Amino acid sequence: MSSNSAVVVGGGIGGLAAAIGLRLAGWDVTVVERATELDDAGAGISLAANGLRALTTLGVGEAVEAASRRQYTGGTRTPSGRRLARMDGTALERELGAPIIGIPRAALHRILREALPAESLVIGAEVTAVEAAKPAIGATRPPRIRVEYGGTALDADLVVAADGIGSRLRRRLFPDHPGPVYSGSTVLRAITERPVEGTTGDSIADFELTWGHGAEFGHIAFPDGRAEWHAVLTAPAGVRYPDPLAEVRRRFAGWHEPIPALLAATRPEAVLHHDVNELVTPLPSFTAGRVALLGDAAHAMTPHLGQGACQALEDAVTLAAAIGSEPGVESALARYDAERRTRSQAVARDARRAGRMGQQLAYPLAVAARNAAIRLTPPGAMVRTALRHADWTPPQITAATTRA
Ligand code: FAD
């Protein structure tokens, strides 16, 4: 009997992780990605214990850790530099059993890509249709799904829709769902072109967030001393600036170090600008027939908890574990939906709330009350609260007993 096969639509973090997991479960996998270069056009990313554990289950945890910087120092501050909460990375690592790490997205993406055979990646091909394949005359195996891209048609036993927040497959499978909406925040971000030091020549904090009124500035430091910074602004949808770096310098003028140093070490053409969209209306299911939705296609959330990719990684491992251990694809997909939907949608809700209480809070009295409340919170409790979703134990992936 030929082995079971899956097509993963989308080669982002979620799609590549799902492909690695399904291969561990013994399936043949093809990833179809519309971009002509397989990369992640973001800057940097933080991965909490749950994301790192998922990567370890996929066999790439060590490589990811080697390319990352552990986040032990930093926390939350006000624009003048006054500390609101201190990050205690060592305590968090002790509590969660794994550190929080910061890594350039390009490095994470490369590690995931390299864990897959080159022939399983089809690049520069947009999936345009997914529909039930016609069963062959006298066929004994259950109906398959046909995926079409660039003049090619591929039949598979399972399709993973990892095609991101603008998912075409989600629109097709859930035509009544309203789709993503603008969160009210826009984000500008970049990686510095050189290492950045603190004012006294020491290393900058591993991770820091600074909240103003309707604005947040944060950075994630990398092992080589460079850092990604992000500036999140409450702004009308679609706002664009002729010189984005100049706009960030203007908006964050007078904010504490190392913010000016990070901006001074940035080339103007390195700045990326995206509106933050999210799925406010939860999907009624993460599966439809033999299609599993995963990552931003299933539960795009705001970045205020740094959990979007971590949840996509949880999805990937959970799907592969279910496929590997359930007797059939249908029961595996039912288990995937049951184990992932409630949890990831709760994280998305909390991320939205975190944004409202953090970056999006603009009314001065409300900002003052929030800051006072944070300062009164016992050390470490705030960060632990923000990271409570990081406490997740991955299921193990075993070679498939699932039969299509
Ligand atoms: P994507 O990365 O969007 O990948 C989808 C892929 O599908 C793309 O490559 C696309 O080209 C491809 N595609 C789309 N349609 C088709 C088609 N029809 N055919 C073929 N290919 C197609 N998460 C964290 O865990 N930690 C963080 O610190 C963090 N910071 C963030 C900061 C910001 C500013 C933002 C916006 C998000 C952040 N996130 C973070 C969230 C995280 O980036 C996303 O949740 C994650 O990248 C989603 O991965 P994905 O694979 O589901 O989707």
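Each ligand, and each atom within it, is numbered from 1 in the order the structure gives. Just so we're clear, the structure is a prediction, and the values are computed from it rather than from any experiment. Residues: numbered from 1 along the sequence shown.
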**Q** Where on Arg189 is there a heavy atom closer than 4.0 Å to ligand 1, on the side chain, on the backbone, on both, or on neither?
**A** side chain
**Q** Which atoms of ligand 1 sit under 4.0 Å from any heavy atom of Gly164?
**A** 3 (O), 5 (C), 53 (O)
**Q** Under 4.0 Å from any heavy atom of Gly308, which atoms of ligand 1 are there?
**A** 23 (N), 24 (C), 25 (O), 41 (C), 45 (O)
**Q** Out of all atoms in ligand 1, which are within 4.0 Å of some heavy atom of Ala162? Include the element for each.
**A** 5 (C), 6 (C), 7 (O)
**Q** Return the set of residues passing ring-ring contact (aromatic ring centres under 6.0 Å, His included) with Phe207 (not counting sequence neighbours), or none when no residue passes.
**A** none
**Q** Any donor-acceptor pair under 3.5 Å linking the side-chain atoms of Glu93 with those of Tyr72?
**A** yes
**Q** Any donor-acceptor pair under 3.5 Å linking the side-chain atoms of Asp350 with those of His304?
**A** no
**Q** Would you say the side-chain atoms of Ser183 pair up with the backbone N or O of Val276, donor to acceptor, closer than 3.5 Å?
**A** yes
**Q** If we set the cut-off at 4.0 Å for heavy atoms, which region of Ala125 has an atom near ligand 1: side chain, backbone, both, or neither?
**A** backbone
**Q** Can you list the ligand 1 atoms lying under 4.0 Å from a non-hydrogen atom of Asp296?
**A** 44 (C), 45 (O), 48 (C), 52 (O)
**Q** Taking only residues two or more places apart in sequence or in another chain, which ones pass ring-ring contact (aromatic ring centres under 6.0 Å, His included) with Tyr241?
**A** His273
**Q** What I want to check is whether the side chains of Gln307 and Asn50 have a donor and an acceptor closer together than 3.5 Å.
**A** yes
**Q** Does Val32 come within less than 4.0 Å of ligand 1, judged by its heavy atoms?
**A** yes
**Q** Flag Ala297 as yes when one of its N or O atoms lies below 3.5 Å from any N or O atom of ligand 1, and as no otherwise.
**A** no
**Q** Taking Arg168's backbone N and O only, do any of them form a donor-acceptor pair with Asp163's side chain (distance below 3.5 Å, no angle check)?
**A** yes
**Q** Among His256, Glu216, Arg77, which one satisfies side chain to side chain donor-acceptor pair (under 3.5 Å) with Thr210?
**A** His256
**Q** I'd like to check which ligand 1 atoms, numbered from 1 as shown, lie under 4.0 Å from a non-hydrogen atom of Cys310.
**A** 25 (O)
**Q** Counting only nitrogen or oxygen atoms and a 3.5 angstrom limit, does Ser46 reach ligand 1?
**A** yes
**Q** Would you mind running through ligand 1 and noting each atom that sits below 4.0 Å from a heavy atom of Pro303?
**A** 31 (C), 32 (C), 33 (C), 35 (C), 37 (C), 38 (C)
